[in-house]
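The figures that follow rest on heavy atoms only: side chains count, while hydrogens, waters and symmetry mates do not.
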Amino acid sequence: MNHIIENKQTGWDRSQMAQRAAQDIPDGSYVNLGIGIPEQVAKYVPSGREVIYHTENGLLGMGPTPEVGCEDPELINAGKKAVTAIKGAAYFHHGDSFAMIRGQHIDICVLGAMQVAQNGDLANWSTGSKNAIPAVGGAMDLVAGVKTIFIITQHVTKNGEPKLLEQCSFPLTGQGVVNRIYTDLAVIEVTNKGFELLELAPGVDFETVKVKTAANLIDSRLANKE
Amino acid sequence: MNHIIENKQTGWDRSQMAQRAAQDIPDGSYVNLGIGIPEQVAKYVPSGREVIYHTENGLLGMGPTPEVGCEDPELINAGKKAVTAIKGAAYFHHGDSFAMIRGQHIDICVLGAMQVAQNGDLANWSTGSKNAIPAVGGAMDLVAGVKTIFIITQHVTKNGEPKLLEQCSFPLTGQGVVNRIYTDLAVIEVTNKGFELLELAPGVDFETVKVKTAANLIDSRLANKE
Amino acid sequence: MINKYIPSVKDAVVDIFDGATVMIGGFGEAGSPIELIHALIDQGAKNLTVINNNTGSGHVGLAALIENGQVGKMICSFPRTANSTVFPDLYTAGKIELELVPQGTLAERIRAGGAGIPGFYTATSVGTVLADTKEHRTFDEAAFSGKQYVLEKAITADFSLIKAHQADRYGNLTFNKTARNFAPIMAMAATTTIVQTSNQVEVGEIDAEHVITPGIFVNRIVTVSNPMQESKLIAKGVSYP
Amino acid sequence: MINKYIPSVKDAVVDIFDGATVMIGGFGEAGSPIELIHALIDQGAKNLTVINNNTGSGHVGLAALIENGQVGKMICSFPRTANSTVFPDLYTAGKIELELVPQGTLAERIRAGGAGIPGFYTATSVGTVLADTKEHRTFDEAAFSGKQYVLEKAITADFSLIKAHQADRYGNLTFNKTARNFAPIMAMAATTTIVQTSNQVEVGEIDAEHVITPGIFVNRIVTVSNPMQESKLIAKGVSYP
């Protein structure tokens, strides 16, 4: 972490959000990474930790992106991108793959979000627009089944609207499912009391995060010091 | 069949009952054979027919009994006897094995019986005695899931009591599940109208079978001739 | 003798009837039985209900089947994909029906259909709009208490079209890497399962310990020696037919 | 680094607690993890609920565990077996509880437990005394209409004890022939799955296409180089301990 803190920057960029989340993945974990920024988490897991990646289209032991020219169209991840398989990987069918998910065998799932509510509700599949083609994929299965749900998201939308809310306005993906949120500004835990700030990104102060959060924000850094 | 009919005997012995049932197993069938006489059916399937045997403990493509000394304690059938596997066999776990059964993928199951009722009810797992240790195994799954149920049984008990009844007195294995019965005296189909005689064993007449059957017995041999 | 091999993809799909329910294997292009789908386009059956995780890409394979006006309803988890315009356009125009199912629920509903299980309960979708019309209940057992579950019902099909890596004449199958995806459970859930493979092997060549789909779930196999690759066709701008 | 191997069967079962629910793999002697069971006898946990298809034979393995007074309840499909006197005697004396479950329902309830499915419906046992206390319902869908189904509930366990053919340090497993039986589904359904194997292999030695139980379902592995064979012990008249 030190090399991040030493940067003279404000907040975390996309890679740094993934890097920060990666610090919280314990050795020996079974992890499912959602499409987008979450996919990057695998690159940043600290050395010395062995983490096994699951992709819901039937592979446990997903490895890094293959070199250009070495892609196999029959070896892809849930985002339909070419991947590799590590030594010790296992292939299985979709029924067995989601048995792993639904049966609470996956330790951590890292996903993106449109909105997160202070009770852990997650909205990340639909804006509820009547013109949109609805598409849910495996998101509802993952949040219902995986033990711990990490969210990586910008703290606010491109238009500056808060994404951490008292209540989601978009259709839910799951109720009370989110455990922790990694934004460009902070790391926030969802607790029984609501959003609790665990850590600020470099150059970011508590008030800035509080203003951009449309729900109560508890500073548990203080609580921990007391 | 001719060599059976030419015998100067009365009725069929155990092997002949199995042999008679084997005639009715079409080429290409997937078949599960119960413990006891049904196990013998495999020996008598007419040459030229390829039949695949399923044993519910996780093998499709069960072959004959191994030679003495070649038994493998980890290759057994549902009766826990040593068996072999044919070329082209497949092993699978109990969940998948009973998915085959419950999902109506097995064509024919051949079982023994304590009692069969004219509506196809089968009792073959318990006498209902309060002192007995209840044990059901896979019988209820097989009769509920397999498309066609053949029964091989003596026509009457050792004490001469009929086993083909208007109604079973023993606890049922399944309701309305039996399609055809092969006894030492006859082949009987269970139809919407009740028991219909399809064929008599050599040296046996209709009246003999009728007297030993505690339900109405229709002679469909006559119906077919009309 | 059991021999499930038949001469051509045309013969393989000849009896798919108007109004049939058809499961099609594949997750994106991985495992997509593209030659069987194209044979179904040639055959012309209409008003099909198709089950696939997606709705195809470009103007080949599943997308082409939809574009050809043969699909009345899609049951899928993710109808939007890169290079996917056919389904979105028809859906927006109100010309095709969509049953949206979470991916794991879709897989388990298919597996249930194949396993003779008419319905099961899951926590997936509870508290979301997708659960609005579903039966809810709770369970007292410790491992499941304190949560709501919804009843999900089995999906079965008249036909499944899948792609296998190897197949013997009994119908024993293996698959290649993540092309396995929905194929084994779809093979279980259809009245008639039709397989394309580029590797016809002798009975016994597939080790009994390594069979993924036992032959009992397979009805017809056709050899397609050099299957097309959907993404390459799309890159070339190919349309079928 | 992930390494699920531990030194001994004693270490493997050390935390099995009084009152625990324990699934034990095997169908008769095929797949029975006899050394793990004997370690559990040495360890002494009491009032266990044990799930196995049978109740053991002779005076070794599962029968010995029961004989040693450690099992309060058996959940099984067939408690009578050749050479089985221990369970029948205790059951007749009212000293052990029995939940009798049809074999396929037992398998599917275990699979449901591992797959996060609290309950499912099946036609098995409908119209029999085993369905007397079960919820019944019908389904309208064509493939399932016109019949009654009963609700069956998932079984989960605190521990599963199973025997594998090969195991790598991740816990990826293969099995030998019909010794596979209940092991893969029991591995899914327990909080802690404990495996004995005679073949410790390097990661990568088991082809990813041939893994039967992926390591995610396995917690501890112990090498038992020359496992005993139940029927041979019984033939010799061996009793454990």
Checklist outcome for this item: Closest heavy-atom pair, C:G116 versus D:F144, reported as atoms and distance to 0.1 Å, is C-CE2, 3.8 Å

Checklist outcome for this item: When rounded to the nearest 0.5 Å, the distance separating CZ of D:R111 from CZ of C:R111 is 3.5 Å

Checklist outcome for this item: One should read off an interatomic distance between D:Q166 CD and C:E209 CD, to the nearest 0.5 angstrom, of 9.5 Å

Checklist entry - Relative to chain D, which of C:A142, C:A143, C:P118 shows the most heavy atom pairs under 4.5 Å? => result C:P118

Checklist entry - Quick one: what part of C:K147 sits under 4.5 Å from any heavy atom of chain D, side chain, backbone, both or neither? => result neither

Item to check | Neighbour count above 12 (heavy atom, 6.0 Å) for D:K95 NZ | outcome: no

Checklist entry - Relative to the ring of C:H210, is the ring of D:H210 parallel (under 30°), tilted (30 to 60°) or perpendicular (over 60°)? => result parallel

Item to check | Which portion of C:E108 sits near chain D, non-hydrogen atoms under 4.5 angstrom | outcome: side chain

Item to check | Non-hydrogen atoms of D:K153 and C:E141 that approach each other most closely | outcome: CD-OE2, 3.1 Å

Checklist entry - Should we say atom NZ of D:K232 is surrounded by more than 12 heavy atoms from elsewhere, each under 6.0 Å from it? => result no

Next on the checklist: Tell me whether C:D132 at atom CG has more than 12 heavy atoms from other residues, nucleotides or ligands lying less than 6.0 Å away.
Outcome noted: yes

Item to check | Residue, of C:T122, C:L151, C:T191, that accumulates the most heavy atom pairs under 4.5 Å with chain D | outcome: C:L151

Checklist entry - Just how far is it from atom CD1 of D:I117 to atom CD1 of C:I117, taken to the nearest 0.5 Å? => result 7.5 Å

Next on the checklist: Quick check on C:N176 against chain D: is it the side chain, the backbone, both or neither that has a heavy atom closer than 4.5 Å?
Outcome noted: both

